[in-house]
Amino acid sequence: MKILVINGPNLNQLGQRDNEIYGSVSLDEINAKLADRAKALGIGIEAFQSNSEGDIVDAVQSKKADGIIINPGALTHYGLSLRDALADLKAPIIEVHLSNIHAREEWRQKSVIAPIALGQIAGLGYRSYLVALETLADILKEGS
Ligand code: DQA
């Protein structure tokens with residue numbers, strides 16, 4: 001069983017970027033926490049980050065996974081080709097955000113990804129990813 005964790009534009013800058021909103025943990029540190037938790041859960045995990053929507057669409061189309069955790073960054077709000085690529089998958093998708101997008105600027109409160117995701121976890125900092133991983137692992141194990 002394998003879960004693909006995708007991070008979109010600017011998330012490679014975590015740790016240096018707007019710490020008050022996104023926290024001080026870097027993307028490498030988040031990926032290390034996820035790898036530890038995945039090992040404890042007995043599942044495989046692969047992390048992918050890109051600043052380019054096309055590269056993320058390519059990854060969604062080519063990488064094989066039983067489930068996807070995605071923080072689309074700003075593509076959350078307008079990334080329609082990413083949404084279409086994700087909608088073509090049969091695998092369950094959980095959308096995550098470090099910040100609570102619903103408590104921020106109006107344009108951030110809309111997600112074009114949410115309607116095709118199983119659910120969305122937002123506002124828990126790096127823990128949003130860990131909650132998503134635990135939940136997705138549980139769902140996948142239940143179905144297998
Ligand atoms: C984000 C929220 C987005 O609005 C923003 O563009 C990001 C990060 C989050 O994790 O809180 O890049 O997805």
Side-chain angles (χ1 to χ4, degrees), residues 1-38 40-41 43-140 142-143:
M1 191 178 294
K2 188 181 119 187
I3 291 178
L4 179 62
V5 181
I6 300 175
N7 279 281
N10 300 308
L11 293 162
N12 56 318
Q13 294 294 94
L14 287 178
Q16 299 161 44
R17 172 188 185 204
D18 229 332
N19 283 11
E20 295 223 329
I21 294 177
Y22 298 118
S24 56
V25 181
S26 71
L27 186 57
D28 281 349
E29 288 167 337
I30 292 175
N31 285 334
K33 287 177 194 293
L34 286 169
D36 280 354
R37 192 67 62 93
L41 292 165
I43 51 172
I45 197 161
E46 180 182 348
F48 176 82
Q49 189 276 331
S50 176
N51 291 326
S52 142
E53 183 169 4
D55 288 349
I56 300 173
V57 169
D58 286 342
V60 166
Q61 288 179 0
S62 62
K63 291 184 186 288
K64 301 276 171 270
D66 299 295
I68 293 195
I69 294 170
I70 183 162
N71 183 346
L75 294 173
T76 303
H77 316 297
Y78 68 91
L80 294 175
S81 65
L82 173 59
R83 175 201 160 118
D84 281 351
L86 290 167
D88 281 342
L89 295 179
K90 293 204 171 44
I93 297 158
I94 298 187
E95 176 186 344
V96 300
H97 298 284
L98 296 136
S99 65
N100 180 358
I101 57 171
H102 303 287
R104 299 183 64 192
E105 302 96 318
E106 207 179 324
W107 61 268
R108 280 190 210 273
Q109 295 175 20
K110 181 176 166 55
S111 167
V112 299
I113 307 297
I116 55 92
L118 204 55
Q120 184 195 69
I121 300 165
L124 307 181
Y126 73 83
R127 291 185 180 84
S128 292
Y129 292 83
L130 295 172
V131 173
L133 177 61
E134 300 266 357
T135 306
L136 202 47
D138 205 40
I139 289 167
L140 291 173
E142 216 169 58

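One is the number of the first residue; the rest follow in order along the sequence. Heavy-atom basis, side chains included; hydrogens, waters and symmetry copies ignored. Model, not experiment: these values are computed from the prediction.
When all heavy atoms are compared, the tightest approach of Asp55 to Ser50 is CB-OG, 3.4 Å. Contact between Ile45 and Ala35 at its shortest, heavy atoms only, is CG2-CA, 4.0 Å. Taking each heavy atom of Ala122 and Ser99 in turn, the nearest pair found is CB-O, 3.6 Å. Ala85 approaches Val60 most closely through the heavy-atom pair O-CG1, 3.7 Å. The minimum heavy-atom distance linking Leu4 with Ala65 is given by the pair CB-CB, 3.7 Å. Here the closest non-hydrogen pair linking Val112 and Gly79 is CG2-N, 3.7 Å.
Within the 4.5 Å cutoff, the side chain of His97 has heavy atoms near those of the Pro72 side chain. Taking 4.5 Å as the limit, every side-chain heavy atom of Ile30 sits out of range of all side-chain heavy atoms of Leu11. Here the side chains of Leu34 and Ile3 are not in contact, with every heavy-atom distance at 4.5 Å or above. A heavy-atom distance below 4.5 Å is not found between the side chains of Val5 and Val96. Residues Ile43 and Leu136 form no side-chain contact, since every pair of their non-hydrogen atoms from C-beta on lies 4.5 Å or further apart. In this structure the side chain of Asn31 never reaches within 4.5 angstrom of the side chain of Gln49, judged on heavy atoms. Looking at heavy atoms from C-beta onward, Leu133 lies in side-chain contact with Leu41 at the 4.5 angstrom threshold. Looking only at side-chain heavy atoms (C-beta outward), Ile101 and Gln120 come within less than 4.5 Å of each other.
Panel note: side chain Glu29, backbone Ser26; a donor-acceptor pair is recorded below 3.5 Å. For the pair Glu95 (side chain) and Ala114 (backbone), a donor-acceptor distance under 3.5 Å is present. Under a 3.5 Å cut-off, the side chain of Asp18 and the backbone N or O of Glu20 do not form any donor-acceptor pair. For Lys2 (side chain) and Glu46 (main-chain N/O), no donor-acceptor pair under 3.5 Å exists by modelled atom type.
There is a side-chain donor-acceptor pair under 3.5 Å between Asn7 and Tyr129.
A distance of 7.5 Å separates CG in Leu75 from OG in Ser81, rounded to the nearest 0.5 Å. Going from atom CD1 of Ile93 over to atom CD1 of Ile70 covers 7.5 Å, rounded to the nearest 0.5 Å. The CG atom of Asp58 sits 8.0 Å away from atom CZ of Phe48, with the distance rounded to the nearest 0.5 Å. Taking NZ of Lys64 as the reference point, atom CG of Leu89 lies at 9.0 Å (rounded to 0.5 Å). In this structure, Lys63 NZ and Ile6 CD1 are separated by 9.0 Å, a value rounded to the nearest 0.5 Å. The CG atom of Asp28 lies 10.0 Å from the CG atom of Leu14; values are rounded to the nearest 0.5 Å.
Under the side chain to side chain contact (heavy atoms under 4.5 Å, CB included) criterion, Asp88 pairs with no residue at all, not counting sequence neighbours. Residues passing the ring-ring contact (aromatic ring centres under 6.0 Å, His included) test with His77, sequence neighbours excluded: Trp107.
Taking a 6.0 Å sphere around CZ of Arg17, one finds it holds more than 12 heavy atoms contributed by other residues, nucleotides or ligands.
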As a quick check of understanding, evaluate side chain to side chain contact (heavy atoms under 4.5 Å, CB included) for Val25 and Leu98, giving each step before the final call.
CA-CA 11 Å; Val25 181; Leu98 296 136; over 6 Å; no
Test side chain to side chain donor-acceptor pair (under 3.5 Å) on Asn51 and Glu53 and set out the steps.
CA-CA 7 Å; Asn51 291 326; Glu53 183 169 4; over 6 Å; no
Can Thr135 and Leu118 be said to form a side chain to side chain contact (heavy atoms under 4.5 Å, CB included), step by step?
CA-CA 11 Å; Thr135 306; Leu118 204 55; over 6 Å; no
